Amino acid sequence: MNQLYRALHMPPQRLLKKLTGHKEIYTIAVRPAPVAEGCDLLPALGAGAFVPLPETPGVWYADPLLFHHASGRWLFCEAFDLAAGRGSIAAASMDDNGAVTGMQVVLQEDFHLSFPTVFDWNGEIWMIPEASETNALILYRCVEFPGKWEQAARFPVGRPLCDAIVMERTGTELTLLCSEIKPENGLYTRYRRYFLGKNGGAEGETAGGFTLTEDEPFNLQHREYGLGNRNAGPLFRRNGQTVRPAQVSTRVDYGVYLQFWARRGASEVPLCAAMPQNLTITGLDPQDLIGIHTYCRDDKVEVIDARYLRKVR
């Protein structure tokens with residue numbers, strides 16, 4: 001994006017801070033899952049402060065996703081190396097209070113990785129991370145949890161796909177919802193849906209014993225790019241509802257707030273939104289918080305990533 005155009009459309013207070021040495025920083029933050037009446041599905045309202053993960057020099061953490069394994073709860077995330085300018089996938093054990101231990105890089109490639117969707121399927125553990133710069137959708141199989149993965153299938157889809165989540169699964173097929181990034185402006189995306197099947201098939205791209213088929217009727221209905229057509233985390237169940245978090249950008253700003261959608265049969269209805277001005281992160285000036293763009297939870301913890309301003313030399 002043209003940086004001058006972005007600056008001209010930036011809130012004056014933020015522009016002043018950026019001109020005086022403030023940089024945009026990403027962090028993951030955690031809190032106990034809210035249980036009070038009225039805030040159960042409003043993750044930015046009516047509950048306690050989020051606590052950021054401990055900082056690692058030279059690394060930003062973003063795109064948190066939770067996965068439960070026999071050994072407990074695990075946080076998978078993007079670990080962005082500032083010197084290399086590239087993201088890898090990291091993982092750490094997380095207790096019921098949200099404290100993490102043993103953060104380590106578990107998957108690294110010669111291209112950028114982020115948004116690690118990790119899931120069980122037929123007794124094995126799999127991952128589909130974002131690898132949008134490859135114009136491919138890549139499936140990894142876990143060889144040794146959590147730190148050893150192998151590429152099981154790579155599908156050249158010819159478009160930059162990001163933030164894939166699993167919508168449905170059977171013993172032979174996954175339904176994946178991804179977002180396609182508009183090449184000339186990465187703030188705009190549109191939804192793309194695929195069926196990932198085992199053991200090949202008559203249609204679609206085939207790789208490593210898997211077949212990827214595009215859901216053409218769905219994709220024809222989602223031809224237009226927009227500022228809110230991007231997944232912000234996996235589906236979750238609360239109060240009998242299946243909820244999908246999405247991230248919303250503006251014409252000049254990435255991942256400003258979260259929009260939650262509740263499934264109603266084959267369609268979705270808007271449930272609620274979570275704005276950065278409504279939440280608190282320990283140690284941060286609320287006026288410096290400028291975006292939240294990923295969300296996940298279980299019955300004990302609630303996790304976001306956030307973008308904020310901090311003055312650096």
Side-chain angles (χ1 to χ4, degrees), residues 1 3 6 10 14 17-18 21-31 49-67 74-94 98-118 127 129-133 146-147 162-163 181 186-187 230-233 245 247-249 252-258 274 276 279-296 301-313:
M1 177 189 296
Q3 294 302 312
R6 186 184 182 202
M10 192 174 292
R14 188 194 307 179
K17 286 191 172 185
K18 290 178 73 68
H22 286 71
K23 302 295 184 182
E24 295 185 6
I25 310 294
Y26 288 84
T27 188
I28 293 174
V30 189
R31 73 177 180 188
F50 287 87
V51 177
L53 295 189
E55 292 188 9
T56 299
V59 178
W60 287 345
Y61 294 114
D63 289 350
L65 291 104
L66 296 174
F67 178 73
W74 288 80
L75 174 73
F76 284 80
C77 65
E78 172 194 350
F80 187 83
D81 186 315
L82 294 172
R86 180 186 300 154
S88 300
I89 304 304
S93 176
M94 176 181 284
V100 299
T101 55
M103 181 71 80
Q104 60 178 307
V105 171
V106 297
L107 180 60
Q108 192 168 30
E109 297 279 18
D110 59 0
F111 47 84
H112 176 77
L113 295 172
S114 59
F115 203 88
T117 291
V118 180
M127 182 197 304
E130 178 189 329
S132 57
E133 70 181 64
C162 65
D163 304 347
I181 301 170
L187 296 176
R230 187 164 182 158
N231 294 313
Q247 62 172 277
V248 182
S249 299
V252 296
D253 219 353
Y254 167 71
V256 175
Y257 69 93
L258 300 172
L279 62 84
T280 301
I281 297 179
T282 301
L284 295 186
D285 183 338
Q287 294 187 8
D288 289 339
L289 188 58
I290 57 177
I292 47 175
H293 74 280
T294 314
Y295 175 88
C296 61
V301 296
E302 188 178 42
V303 191
I304 60 169
D305 69 1
R307 183 166 50 95
Y308 66 95
L309 293 174
R310 184 174 68 187
K311 192 167 187 176
V312 298
R313 293 183 182 275

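Along the sequence shown, residues are numbered consecutively beginning with 1. Any value given below was found using the heavy atoms of this structure, including those in side chains, with hydrogens, waters and symmetry copies removed. This is a predicted model, so every value here is computed, not measured.
With rounding to the nearest 0.5 Å, the separation of CG in Leu66 from CH2 in Trp74 is 12.5 Å. Atoms CD and OG, on Gln104 and Ser88 in that order, are 12.5 Å from each other to the nearest 0.5 Å. Distance check: Ile28 CD1 to Thr294 OG1 gives 8.0 Å after rounding to the nearest 0.5 Å. Taken from CZ in Phe115 to CG in Leu65, the straight-line distance is 5.0 Å, to the nearest 0.5 Å. Rounding to the nearest 0.5 angstrom, the gap separating the CZ atom in Arg86 from the CZ atom in Phe80 is 9.5 Å. Between Thr280 atom OG1 and Leu289 atom CG the span is 9.0 Å, to the nearest 0.5 Å.
Residues Met127 and Ile89 have side chains in contact (heavy-atom distance under 4.5 Å, counting atoms from C-beta outward). In this structure the side chain of Tyr254 reaches within 4.5 angstrom of the side chain of Arg230, judged on heavy atoms. Counting only heavy atoms from C-beta outward, the side chains of Asn231 and Thr117 never approach each other to under 4.5 Å. Taking the side chain as every heavy atom from C-beta outward, Asp305 and Glu78 never approach each other to under 4.5 Å. Between Ile281 and Leu279, some side-chain heavy-atom pair lies under the 4.5 Å cut-off. Looking at heavy atoms from C-beta onward, Val30 lies out of side-chain contact with Val51 at the 4.5 angstrom threshold. By the 4.5 Å heavy-atom criterion applied to side chains, Arg307 and Pro276 are not counted as neighbours. Considering only heavy atoms from C-beta on, Ile290 comes within 4.5 Å of Leu309 through its side chain.
A donor-acceptor contact shorter than 3.5 Å is absent between the side chain of Asp253 and the backbone of Val256. Ser249 places a side-chain N or O within donor-acceptor distance of the main-chain N or O of Gly255, the cut-off being under 3.5 Å. Of the possible donor and acceptor atoms, one in the side chain of Thr282 sits under 3.5 Å from a partner among the backbone N and O of Phe50.
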Practice prompt. Could you walk me through whether His293 and Tyr26 pass ring-ring contact (aromatic ring centres under 6.0 Å, His included), step by step?
Written response: CA-CA 10 Å; His293 74 280; Tyr26 288 84; 5.7 Å; yes
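Scanning all heavy atoms of the two residues, the minimum distance from Pro64 to Leu75 falls at CB-CD1, 3.6 Å. Minimum heavy-atom separation, Val301 to Gly98: CG1-N, 3.9 Å. Among all heavy-atom pairs drawn from Glu109 and Leu113, the shortest one is CG-CD1, 3.6 Å. Closest heavy-atom contact between Ala131 and Phe111: CB-CE1, 3.8 Å. Contact between Cys77 and Pro116 at its shortest, heavy atoms only, is N-CG, 3.6 Å.
Within a 6.0 Å sphere centred on CD of Glu133, heavy atoms belonging to other residues, nucleotides or ligands number more than 12.
Side chain to side chain, Glu302 and Tyr295 meet the donor-acceptor criterion of an N or O pair below 3.5 Å.
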